[in-house]
Amino acid sequence: MEKKRKSWDEYFMELTELVGSRGTCNRGRPGCIITKNKRIIATGYVGAPSGLPHCDEVGHLMKKVIHDDGTESMHCVRSVHAEQNAICQAAKMAISVEGGTLYCTLEPCRTCAMMIINCGIKRVVCKKRYHGARETEEMFKKTGVELVVITDEIEEYENQ
């Protein structure tokens, strides 16, 4: 029997999940990989800023967000998002992400989307949908960032 070789998206998405396993906030433990020319140039996972306590050590720092439609959701603000950490890692190492592809386990939030747009990433591949990604989808469409979501499953976690 002939073995089917994984596509680049499948390969990088599996690695993204492994990267996310290092996360220190149990609300999904998202991971992120940024690639350029089919090479990994940066990784990131969710966790508190360097030197500050992590959710897994001291608990979540929850804030309520009220959306335009009146719905409310809870967000942990102790941690830096996986996408933000990957972009920061690239910046720290003076690696340009312009023209790259970002792989993440969850659709980026609005803030991450703005960072992705401004640093010139051209393609975003996500495993699952994020319940608050409507603005992300709109911004990506307006700015020409290609968004690929592998499944329509929406990430669910406690205190959403």
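This chain uses plain numbering: 1 for the first residue, then up along the sequence. Quick caveat: nothing in here was measured; it's all calculated off a predicted structure.
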Might you point out which heavy atoms bring [X] and [Y] nearest each other, and give the distance in Å?
| X | Y | result |
| --- | --- | --- |
| T143 | M139 | OG1-O, 2.8 Å |
| R27 | P30 | O-CD, 4.1 Å |
| L52 | A48 | O-CB, 3.8 Å |
| V46 | C25 | CG1-O, 4.0 Å |
| T151 | R129 | O-CG, 3.8 Å |
| A42 | A90 | CB-CB, 4.0 Å |

Rounded to the nearest 0.5 Å, how far apart are [atom1] of [X] and [atom2] of [Y]?
| X | Y | atom1 | atom2 | result |
| --- | --- | --- | --- | --- |
| I41 | I95 | CD1 | CD1 | 6.0 Å |
| L18 | T105 | CG | OG1 | 12.0 Å |
| N26 | H54 | CG | NE2 | 13.5 Å |
| E17 | C104 | CD | SG | 11.5 Å |
| K63 | C76 | NZ | SG | 10.5 Å |
| E83 | C88 | CD | SG | 11.5 Å |

Less than 4.5 Å apart, any side-chain heavy atom of [X] and any of [Y]?
| X | Y | result |
| --- | --- | --- |
| H60 | H75 | no |
| V124 | P108 | yes |
| E137 | L147 | yes |
| T43 | Q89 | yes |
| Y45 | N85 | no |
| V125 | I150 | yes |

Are [X] and [Y] in one and the same hydrophobic cluster, where Ile, Leu, Val, Met, Phe, Trp and Tyr link if side-chain heavy atoms are under 4.5 Å apart?
| X | Y | result |
| --- | --- | --- |
| F12 | L106 | no |
| I34 | V19 | no |
| M93 | I87 | yes |

Salt bridge [X]-[Y], side-chain N to carboxylate O under 4.0 Å:
| X | Y | value |
| --- | --- | --- |
| D9 | K127 | no |
| R78 | D56 | no |
| E107 | R134 | no |

message: Whether the side chain of T35 engages the backbone of K38 through a donor-acceptor N/O pair (distance < 3.5 Å, no angle test) should be reported.
response: no
query: Does K36 reach the main-chain N or O of E98 with its side chain, forming a donor-acceptor pair under 3.5 Å?
result: yes
field: Trace of the salt bridge (charged side-chain N to carboxylate O under 4.0 Å, His left out) decision for K141 with E146
entry: CA-CA 7 Å; K141 187 176 274 189; E146 179 187 355; over 6 Å; no
task: Check each of L102, V148, V145 against R123 using the side-chain contact (heavy atoms from CB on, under 4.5 Å) test, and report the only one that passes.
output: V148
Anything under 3.5 Å between a donor and an acceptor, one on a side chain of residues 110-121, the other on a protein residue two or more places apart or in another chain? List them.
from : atom 1 : to   : atom 2 : distance (Å)
R110 : NE     : E135 : OE1    : 3.4
R110 : NE     : E135 : OE2    : 3.2

- prompt: Do the ring planes of Y11 and W8 sit parallel (below 30°), tilted (30 to 60°) or perpendicular (above 60°)?
  reply: perpendicular
